[in-house]
Amino acid sequence: MTRGARHLLFAFGGTLVAVLFVWGVLGMPQFGSTDHPYRDRSVHAAAQHETPNVVAAVNFDQRGFDTLGEESIFFASVIGAAALLRPTKEEREQQKSGGGGVGDVMASTRFAGYVLLPLTLLVGFDVVAHGHVTPGGGFQGGVVLATGFHVIYVAGRYDALEKVRPVTLFENGEVLGALAFAGLGFAGIAISGSFLSNVIPFGSFGSFLSAGTVEVLNFAVGVEVACGVIVLLAHFFEQAIKLRDGSRAES
Amino acid sequence: MNELVLIVVLTLVAAAGTAVVMTNAPERQAVTFAYFGITLTLLFLALQAPDVALSQLAVGTAFIPLMVMLAIRKIRRGRS
């Protein structure tokens, strides 16, 4: 395609998007107004499935298929980043001499790290487990869990972080979480005939065991996101810290 | 009252966003970016979107700055 044709195609597509966007924005309810037809419908649908957190109901029940797409994007981007960051052949040979010991960290920082580690993990579990009743859910809790692990690194112990973080285990965990999400979707087809339909008993409004598949899907996403973020950061750490000694020896 | 809260928080977001743009060194920018993330979290909270606020807090103030710092560290090491 020539440059001129490309510009023409962009001008056409760009104008179309701009017109549709302005048209859409003009049709939106006023900021701060009380008239929200979509909200009324989704709140009603969430209440029918005993899900107090309407956002979770929209994400995992009413629009579960969209969320499966988002999870797939996350899954694919972790794999893509891991493939880009994998050590080259030379780096892998240098890596044998590498390894981080105890960093030069203030005692107070190290103490804060050890206090914050269990607290952060607990908050992460709580956010995942109660995603269907209170704000939060699998994604938020998963990120908290994954970054919580790295408090060990802030406390100056990269070697300890490596011990509690066997990367292959978390790689498998990420796959397991993604498979569980899709599997629950197919279970919906098998039981009620439609993908990702809420086939688990709803329970009573506001209790821990309620909201049917919303809670289970939250757990699946929590496992996938926590493992995925840990794997992603592990590759960044490997590049930034483990390969340090190698590049030093080179220069 | 609601509007007052929104005006204050939006001003904070604008100030923090400007601070990120005005910061030159990338490793300092990771820190100002984390502060910008906190102000965005407050904005989402003020707009009654606690789910989004939690996502923003976890991703914008912890995950992204850590990734940026690690990437900078790798680049610096490659240069020296």
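Computed from heavy atoms alone, side chains included, the values below leave out hydrogens, waters and symmetry copies. Nothing here was measured: the structure is a model prediction, and the numbers come from that model. Here is how names work: the chains are called A, B, and so on, in the same order as the sequence lines, proteins then strands, and each is numbered from 1.
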| field | Set of salt bridge (charged side-chain N to carboxylate O under 4.0 Å, His left out) partners for A/Glu70, sequence neighbours left out | value | none

| Close approach to chain B in residues 138-148 of chain A, criterion heavy atom under 4.5 Å | A/Phe139, A/Gln140, A/Val143, A/Val144, A/Thr147

| Can you name the residues of residues 227-236 of chain A that have some heavy atom under 4.5 Å away from a heavy atom in chain B? | A/Val229, A/Leu232, A/Leu233, A/Phe236

More than 12 heavy atoms of other residues, nucleotides or ligands under 6.0 Å from [atom1] of [X]: is that the case?
X	atom1	value
A/Phe111	CZ	no
A/Arg41	CZ	no
B/Met67	CE	yes
A/Phe125	CZ	no

| message | Please identify which of these residues, A/Asn53, A/Val54, A/Thr134, meets the side-chain contact (heavy atoms from CB on, under 4.5 Å) condition with B/Asp51. | response | A/Asn53

| request: Anything in residues 20-44 of chain B with a heavy-atom distance to chain A below 4.5 Å? Please list those residues in order. | output: none

| task | Could you tell me which portion of B/Ile72 (side chain, backbone, both or neither) has an atom closer than 4.5 angstrom to a non-hydrogen atom of chain A? | result | neither

